[in-house]
> 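Mind having a look at this structure? Questions to follow.
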There are 2 protein chains.
Amino acid sequence: MERNTRQRTAIREALLLAARPLLPQEVLQAAQAQVPGMGIATVYRNLKALVDEGALRCVNLPGDNPRFETAGQHHHHHFQCQACERVFDVHACPGNLAALAPPGFVVNDHDLVLYGRCSDCQPGAAAPRR
Amino acid sequence: MERNTRQRTAIREALLLAARPLLPQEVLQAAQAQVPGMGIATVYRNLKALVDEGALRCVNLPGDNPRFETAGQHHHHHFQCQACERVFDVHACPGNLAALAPPGFVVNDHDLVLYGRCSDCQPGAAAPRR
DNA sequence: GTAGCTGCAAATTCTTTGCAGTTGT
DNA sequence: ACAACTGCAAAGAATTTGCAGCTAC
């Protein structure tokens, strides 16, 4: 049976608060604010368990390490800033993608990732993060 | 200046012959047929060099290790079959994606991956390929 | 009480790098 | 000749796992 440990709660809340996909390291950092001394292995173990039970979703951006976000959101895509490398949700979708596939192919799902500059990292912005 | 070593030639030809994205390990295996004793480090170094000089392209499928394919193709996306896991090129693009980003964000590029069934793997197809 | 959980450290896997010897030009 | 290249092995980085002690139920 699954238990409610301080560590698991801290991880869940870190992801709820962030409202964007986080790397395991970012989850660790946020959760350590609640539970000092927490180890990275605990983060990995809980992320895996929470994904299995459907509470989290794994977000894999091409060529980057996996991130995690809360599950149950509406269909959405992601935007990665080329300057600070953070990932943001994009609650929009071009739709009509089934038409792009070659004849005879059936499209069930899709991933879309936009790359560019987030509002914090515009050229001339006061203080680009990271 | 760049040299034409047997190793680099073998790597380039392995990818030309394959005509599909290969993993570094697959490249090594194919290239060792031409140059026995070649090391994996040489593969990585040359893949990187060839990508830098624009001869190869890196193909990153979500949750999978990077693959490499010959460059020089037109802007395209990928379709991964959920049955046979093969990856196909999609020579179409929805366009107009800049409008999807949140206000204040600038979009420079994008990746799109479609998931579904390729023509070989339709339900009822004779023999789905692996 | 005890099965599940935790932190630590060692193991794995994939990729990069330092080094001394080799090779293309 | 000599800088680029190579193989090897060690170093890194991300993730997983073994283990002995801790903790929620």
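Letters go in sequence order (proteins before strands), and every chain restarts at 1.
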> Rounding to an integer number of Å, can you tell me how far A:N46 CG sits from D:dT15 C1'?
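Rounded to whole Å, this separation is 15 Å.
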> In terms of side-chain heavy atoms of B:N65, which of D:dA14, C:dT17, C:dT15 is nearest?
C:dT15
> What's the CD-C1' distance between B:E53 and D:dA4, to the nearest Å?
14 Å
> Which whole-number value in Å describes the distance from A:L28 CG to D:dA14 C1'?
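My rounded result for the distance is 13 Å.
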> Expressed in angstrom and rounded to an integer, what is the separation of B:R3 atom CZ from D:dC2 atom P?
13 Å
> Look at all strands and tell whether B:E2 reaches a base, only sugar-phosphate, or nothing, counting heavy atoms closer than 4.0 Å.
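The answer is sugar-phosphate, as B:E2 gets under 4.0 Å only of primed atoms, P, OP1 or OP2.
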> Please state how far atom CD in A:Q7 lies from atom P in C:dC5, giving the value in whole angstrom units.
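Rounding to the nearest Å, CD of A:Q7 and P of C:dC5 are 11 Å apart.
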> Does any part of the side chain of B:L114, heavy atoms only, come nearer than 4.5 Å to the side chain of B:H77, both counted from C-beta?
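They are not in side-chain contact.
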> Can you tell me which nucleotide in C:dC5, D:dG7, C:dG7 comes closest to the side chain of B:T42?
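The answer is D:dG7.
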> Walk me through whether A:R20 and A:E26 qualify under salt bridge (Lys or Arg N to Asp or Glu O under 4.0 Å).
CA-CA 11 Å; A:R20 64 181 181 88; A:E26 295 176 305; 3.7 Å; yes
> Please report, rounded to the nearest Å, how far the P atom of D:dC5 is from the CG atom of B:L47.
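Answer to the nearest Å: 14 Å.
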> Classify the side chain of A:R45 and the base of C:dG4 as holding, or not holding, a donor-acceptor pair under 3.5 Å.
no
> Please determine, for the side chain of A:Y44, which listed nucleotide (C:dG7, D:dT16, C:dG24) has the closest atom?
D:dT16
> Kindly indicate whether the side chain of B:H110, heavy atoms from C-beta on, has any atom under 4.5 Å from the side chain of B:H75.
yes
> On the nucleotide D:dT6, are OP1 or OP2 found under 4.0 Å from the side-chain N or O atoms that B:T5 carries?
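Yes, because at least one side-chain N or O of B:T5 sits under 4.0 Å from OP1 or OP2 of D:dT6.
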> Between A:D64 (CG) and D:dA13 (P), how many Å, whole number?
15 Å
> At 4.0 Å (heavy atoms only), tell me whether B:P66 reaches a base, stays on the sugar-phosphate, or touches nothing.
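The residue B:P66 makes sugar-phosphate contact but no base contact.
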> Give the rounded distance in Å between these two atoms: CE of A:M38 and P of D:dC22.
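Those two atoms, CE and P, are 19 Å apart.
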> Could you please name the option among C:dT23, C:dT15, D:dA14 that lies closest to any side-chain atom of B:P24?
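Closest nucleotide to the B:P24 side chain: C:dT15.
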> Could you check A:S119, A:C121, A:C81 and say which one makes a side-chain contact (heavy atoms from CB on, under 4.5 Å) with B:F105?
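Of the listed options, the one satisfying the test is A:S119.
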> Of the nucleotides D:dT23, C:dG24, C:dT6, which one has an atom closest to the side chain of B:R6?
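Nucleotide nearest to B:R6's side chain: C:dG24.
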> With DNA chain C as reference, determine whether B:K48 or A:R8 sits nearer its 5' end, using the nearest nucleotide of each.
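This one resolves to A:R8.
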> Can you confirm whether B:Q7 sits close enough to B:R45 that some side-chain heavy atom of one is under 4.5 Å from a side-chain heavy atom of the other?
no
